[in-house]
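Following: one structure in structure tokens, then a few remarks.
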Number of protein chains: 2
Amino acid sequence: MSDATTELDAHAAVLRRFNRGYTQRVGALDDSFLGTGMPLGAARLLFEIGAEPGTTRALRSRLGLDSGYLSRLLRRLESQGLVAVVPDTADGRLRRVDLTPAGRRAWDDLERRSGDRARDLLGPLTARQRARLAAALAEADLLVRAATVTLEPVDPLAAPARAAVAAYVAELDERFPGGFDPGDSGSADAHRLRPPSGAFVVATSDGAPVACGGVQPLGDGRGEIKRMWVHPAWRGAGLGSRLLRHLEGVSRDLGHDEVRLDTNGTLVEAVAMYERAGYRRVGRYNENPYAEHFFAKRLA
Amino acid sequence: MSDATTELDAHAAVLRRFNRGYTQRVGALDDSFLGTGMPLGAARLLFEIGAEPGTTRALRSRLGLDSGYLSRLLRRLESQGLVAVVPDTADGRLRRVDLTPAGRRAWDDLERRSGDRARDLLGPLTARQRARLAAALAEADLLVRAATVTLEPVDPLAAPARAAVAAYVAELDERFPGGFDPGDSGSADAHRLRPPSGAFVVATSDGAPVACGGVQPLGDGRGEIKRMWVHPAWRGAGLGSRLLRHLEGVSRDLGHDEVRLDTNGTLVEAVAMYERAGYRRVGRYNENPYAEHFFAKRLA
DNA sequence: GACATTCTCTGACCTTAGTCAGACGAATGC
DNA sequence: GCATTCGTCTGACTAAGGTCAGAGAATGTC
């Protein structure tokens, strides 16, 4: 058994120990719903509606519920006067759900109880230990979120890709000394970033884009990685390296035996990451005015 | 609203954010039981039996189950050939439960699945990030355990107190250059450490003692804190300060207006903690040959 | 305008989880 | 030796959670 395996096992054991102890002690937080006398399912639904009202369809996918079951839960909340269900004006098949004033009060009550429980748990700790616990949980939260985010292939002109690229462009515009003008490259080059010639990948968490990147053909069996971006709040959790590895795999699957990319010197973290990932510097291979560093890596 | 309150609220918010994200992503770990086709309750029971076989009574208290319900679950596992239930030889009312070879295989299967899940979660992370996550979870685990441990008053000669004091004595014996001999003080002084003259407190976690301490009367409205000890693995989580504060409260409730204690210079963490907690140094007030530092604190 | 699709809702049905009251046998106190 | 206590087990019951197969209305497609 290799060192890497034993290391993984040791960390998995820590994770399991944490899970066991934590759910036993803090898992009661979920039962805080029960303090309201409302069944767990109904309370979860009420909470979700309050957090983000919308169509029953969206609720169904967010909570992973059967449509018949959701319908019944909604009717129950409706009969208690907590939610209002009305047909969608645009599409008469859909229903829109929102809280009534009474429902908002019940929601506030849930929030308050949940906060009380959290404060009760922290109560016995000193301020310094609370800060340590919060820091540890924030770190764990970031890493777990990064580890569980899924990289989905999407059309480069579809909504998730547009949102991610917009964030990418906005960041470059802010960080580059002279700003950044993407020109019309977005829609004009879209066909090169979609099958069969290329691909575009977006990672979303709770509906918001947190990372993206694409591969387009360069000719001569080469691929080029474009528009790679990771949400600032998600950096330092390995999402960038993971995305890069993923895109290399995509490029390989497209039949390329080498992948290239360019970047600007302002993006120091990116340059460091490419070097860590085994990229070697090559000469300029395009006319991109923003590009200052050029990298290439052979695909196994 | 004071700074202390906003600080607490901020940390509570981190805790809640973690809970929400974590249970959503990793909470599925509990459902790993479901991967076996066994209902959650039965799987939990099987797991507990495998972890520590014993009487149904012990299982009932560990899992918090109704006796009728437990009986039914056991019969179910029995009919599947996974557990064996036999009357206790000493007390014919009790039943002893253990796994059959088939049950042990099912238990190993649960373990394997749980480990696989944990490894799958860690898989996308690099070794460095896995180490960071494991460190963060271990820190959070320690602090949460310390925050949720309860301090129970017990008789100084009862089993939990004996176990804790034995650990305390063993540690002093190891750390003191010339070893430590408690003499007969244990049973002879016991009456001073129990109501109405004094008290003894033990903190246990999963059945094992993790901290202890007692208060005995010194006369003249003074109390003395004795045999204060925190399990080495639990240090650095504020359990010591919490226990100390708790014992001060116990002393106050016993009618004391000052509390004293002695300690050995080898125990540097303890000395530092007493000073942090507002104790002032006083002259020798007893003949304890192991005591080098003497402290006192007025109780509000 | 016909047809397929999409969506919500209802009824029927099932398992799981859990509670409660009492029966029965074993142990304990006197 | 007898009453009491303790522990297990059974039957009866309930609520929650969830699945499945349509009915029926609205919408999109040709």
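Labels below follow one simple rule: chain letters A, B, ... track the order of the sequence lines, proteins then strands, and each chain is numbered from 1. Just so it is clear, the values below take in all heavy atoms, side chains as well, and ignore hydrogens, waters and symmetry mates.
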Discussion item. Over all strands shown, is B:G41 touching base, sugar-phosphate only, or nothing at heavy-atom distances under 4.0 angstrom?
Written reply: sugar-phosphate
Item to complete: Start with the C-alpha distance between B:T55 and B:R95, add both sets of side-chain angles, then the distance that settles side-chain hydrogen bond (donor to acceptor under 3.5 Å, both in side chains), and finish with yes or no.
Response: CA-CA 5 Å; B:T55 63; B:R95 305 283 133 132; over 6 Å; no
Worksheet item: Of all the nucleotides listed (C:dC9, D:dT10, C:dA17), which has the minimum atom distance to the side chain of B:Y69?
Response: C:dA17
Item to complete: Could you tell me whether B:D120 and B:R117 make a salt bridge, using a distance below 4.0 angstrom between a side-chain N and a carboxylate O?
Response: no
Fill in: Nearest-nucleotide pick for B:R93, side chain only, options being D:dT8, C:dA27, D:dA26
C:dA27
Worksheet entry | Distance-minimising heavy-atom pair for A:L46 and A:A106 | CD2-CB, 3.9 Å
Worksheet entry | Closest to side chain of A:D91, choosing from C:dT16, C:dT10, D:dA26 | D:dA26
Worksheet item: Taking atom C1' of C:dC24 as reference, at what distance in whole Å does atom CZ of B:R95 sit?
Response: 11 Å
Discussion item. Side chain of B:S67 only, heavy atoms from C-beta on: which candidate in D:dT27, D:dT8, C:dT8 is closest?
Written reply: D:dT8
Worksheet item: Quick one: which of D:dG17, C:dA27, D:dT10 gets closest to the side chain of A:P39?
Response: D:dG17
Worksheet item: Counting side-chain heavy atoms from CB outward, which of C:dT8, D:dT10, D:dG17 is closest to A:R57?
Response: C:dT8
Worksheet entry | Rounded distance (Å) that lies between atom C1' of D:dC20 and atom CG of A:L70 | 16 Å
Response to the item:
Heavy-atom closest pair (B:L65 atom, B:R60 atom, distance to 0.1 Å) is O-CG, 2.9 Å
Practice prompt. Indicate, yes or no, whether a donor-acceptor pair under 3.5 Å links the base of D:dG7 to the side chain of B:R60.
Written response: no
Worksheet item: Taking the side chain of B:T56 as heavy atoms from C-beta outward, which of C:dT16, D:dT8, C:dT19 is closest to it?
Response: D:dT8
Response to the item:
5'-most contact on DNA chain D (nearest-nucleotide basis), A:R76 vs A:G92, goes to A:R76
Practice prompt. Would you mind reading off the distance between B:L74 atom CG and D:dG7 atom C1', rounded to a whole angstrom?
Written response: 13 Å
Worksheet item: To the nearest angstrom, how far is B:L40 atom CG from D:dA16 atom C1'?
Response: 14 Å
Discussion item. Nearest to the B:L65 side chain among D:dC20, C:dG18, D:dT8, which nucleotide is it?
Written reply: C:dG18
Worksheet item: For B:G68, which contact category applies under a 4.0 Å heavy-atom criterion: base, sugar-phosphate, or nothing?
Response: base
Worksheet item: Taking CZ from B:R96 and C1' from D:dT8, how many angstroms apart are they, rounded to a whole number?
Response: 15 Å
Practice prompt. Take the protein atom CG of B:D66 and the nucleotide atom P of D:dA12, then report the distance between them rounded to whole Å.
Written response: 17 Å
Item to complete: Take the protein atom CZ of A:R44 and the nucleotide atom P of D:dA16, then report the distance between them rounded to whole Å.
Response: 15 Å
Worksheet item: Counting only heavy atoms not in B:R57, do more than 12 sit closer than 6.0 Å to its CZ atom?
Response: no
Worksheet item: Within this structure, what is the CG-to-P distance between B:L94 and D:dC9, rounded to whole angstrom?
Response: 10 Å
Fill in: Donor-acceptor pair present, A:R72 side chain and C:dG11 base, under 3.5 Å
yes
Worksheet item: OP1, OP2 of C:dT10 versus side-chain N and O of A:R75: anything below 4.0 Å?
Response: yes
Worksheet item: Closer to the 5' end of DNA chain D via nearest nucleotide, is it A:D88 or A:L73?
Response: A:L73
Item to complete: Take A:S79 and A:R75, measure what side-chain hydrogen bond (donor to acceptor under 3.5 Å, both in side chains) needs, and give me the verdict at the end.
Response: CA-CA 6 Å; A:S79 76; A:R75 201 133 337 98; over 6 Å; no
